[in-house]
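Along the sequence shown, residues are numbered consecutively beginning with 1.
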Amino acid sequence: MKPIKAVALAADHAGFGQKAKLVAYIQQLGSFEVVDLGTDSESAVDYPDFAIKLAAWVAQKPEHMGVLICGTGNGMAMVANKHKGIRAAVCRSAYEATLARQHNNANVLCLGQRVTGEGLAVAIVDAFLHNVFEGGRHQLRLAKVYKMEDCP
Ligand code: RB5
């Protein structure tokens with residue numbers, strides 16, 4: 001049986017609408033526990049607060065994955081990648097999301113509601129959730145990244 005993965009989603013006001021749609025989409029897939037970490041409206045908030053919250057949740061367990069949505073995805077990725085154990089990738093295509101999983105073992109997907117439409121966002125999320133890390137030569141490269149995280 002396929003292990004059930006838990007996926008958390010979080011957004012700022014600029015990504016709130018897309019988050020609501022993606023929460024519903026991932027829930028109806030039926031194979032993931034879905035956790036909504038906010039925000040809950042289009043009232044202005046600060047994206048770092050939500051990126052930090054989601055990064056802490058994802059870093060708890062290897063089987064946790066996250067999706068962050070802001071205007072462009074960039075701010076969310078910058079913040080999330082400062083958290084130990086987080087490998088966040090901004091993706092504008094399903095191909096990038098596939099390689100972010102297969103080569104980089106990304107555990108957080110960052111989307112931009114202002115630059116990526118709903119249909120494409122769903123395809124990107126699908127690619128992210130259904131591809132796996134290939135290991136091998138990619139594992140050796142990631143080991144160098146993990147080493148950096150332990151540096152003072
Ligand atoms: C909010 O206006 C916007 O700056 C934010 O959503 C994000 O795009 C930052 O990277």
Donor-acceptor pair, side chain of [X] and main chain of [Y], under 3.5 angstrom:
X: His13; Y: Val45; result: yes
X: Glu96; Y: Arg92; result: yes
X: Glu149; Y: Lys84; result: no

Linked, directly or transitively: [X] and [Y] (ILVMFWY side chains, under 4.5 Å):
X: Val90; Y: Val115; value: no
X: Val7; Y: Val108; value: no
X: Phe50; Y: Val35; value: yes
X: Leu129; Y: Tyr25; value: yes
X: Leu54; Y: Tyr47; value: yes

Do [X] and [Y] come close enough that some side-chain heavy atom pair is under 4.5 Å?
X: Val34; Y: Leu29; answer: no
X: Leu111; Y: Val125; answer: yes
X: Arg101; Y: Asn107; answer: no
X: Phe133; Y: Gln139; answer: yes
X: Gln102; Y: Val132; answer: no
X: Arg87; Y: Asn104; answer: no

(message) Tell me every residue that passes ring pair (Phe, Tyr, Trp, His ring centres under 6.0 Å) with His83, counting only those two or more places apart in sequence or in another chain.
(response)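 Expected list: none.
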(request) Under the ring pair (Phe, Tyr, Trp, His ring centres under 6.0 Å) rule, collect the residues that match up with His103, sequence neighbours excluded. (result)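 Partners of His103 by the ring pair (Phe, Tyr, Trp, His ring centres under 6.0 Å) criterion, ordered by chain and then number, come out as His138.
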Could you tell me the separation between the [atom1] atom of [X] and the [atom2] atom of [Y], rounded to the nearest 0.5 Å?
X: Ile124; Y: Cys110; atom1: CD1; atom2: SG; result: 11.5 Å
X: Asn131; Y: Asn105; atom1: CG; atom2: CG; result: 11.5 Å
X: Met148; Y: Lys144; atom1: CE; atom2: NZ; result: 12.0 Å
X: Ile26; Y: Lys19; atom1: CD1; atom2: NZ; result: 11.0 Å
X: Ile52; Y: Met76; atom1: CD1; atom2: CE; result: 10.5 Å
X: Asp36; Y: Gln27; atom1: CG; atom2: CD; result: 8.0 Å

(request) Please determine if Glu118 and Lys21 form a salt bridge, counting it only when a charged side-chain N lies under 4.0 Å from a carboxylate O. (result)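 Yes, Glu118 and Lys21 are salt-bridged.
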(request) Apply side chain to side chain contact (heavy atoms under 4.5 Å, CB included) to Phe128 and Met65, showing your working. (result) CA-CA 9 Å; Phe128 193 76; Met65 294 176 86; 3.3 Å; yes
(message) Take a 6.0 Å sphere around OH of Tyr95 and say whether it holds more than 12 heavy atoms from other residues, nucleotides or ligands.
(response)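 No, OH of Tyr95 has 12 or fewer neighbouring heavy atoms, counting only those of other groups under 6.0 Å.
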Shortest non-hydrogen contact from [X] toward [Y]:
X: Thr98; Y: Ala127; answer: OG1-CB, 3.5 Å
X: Ala51; Y: Ala80; answer: CB-N, 4.3 Å
X: Gly71; Y: Asp12; answer: N-OD1, 4.2 Å
X: Leu37; Y: Ala10; answer: CB-CB, 4.1 Å
X: Arg114; Y: Ala14; answer: NH2-CB, 3.6 Å

(request) Determine, step by step, whether Cys70 and Leu68 satisfy the side chain to side chain contact (heavy atoms under 4.5 Å, CB included) criterion, reporting the C-alpha distance in whole Å, the side-chain angles of both residues, the deciding distance to 0.1 Å, and the verdict. (result) CA-CA 7 Å; Cys70 61; Leu68 285 167; over 6 Å; no
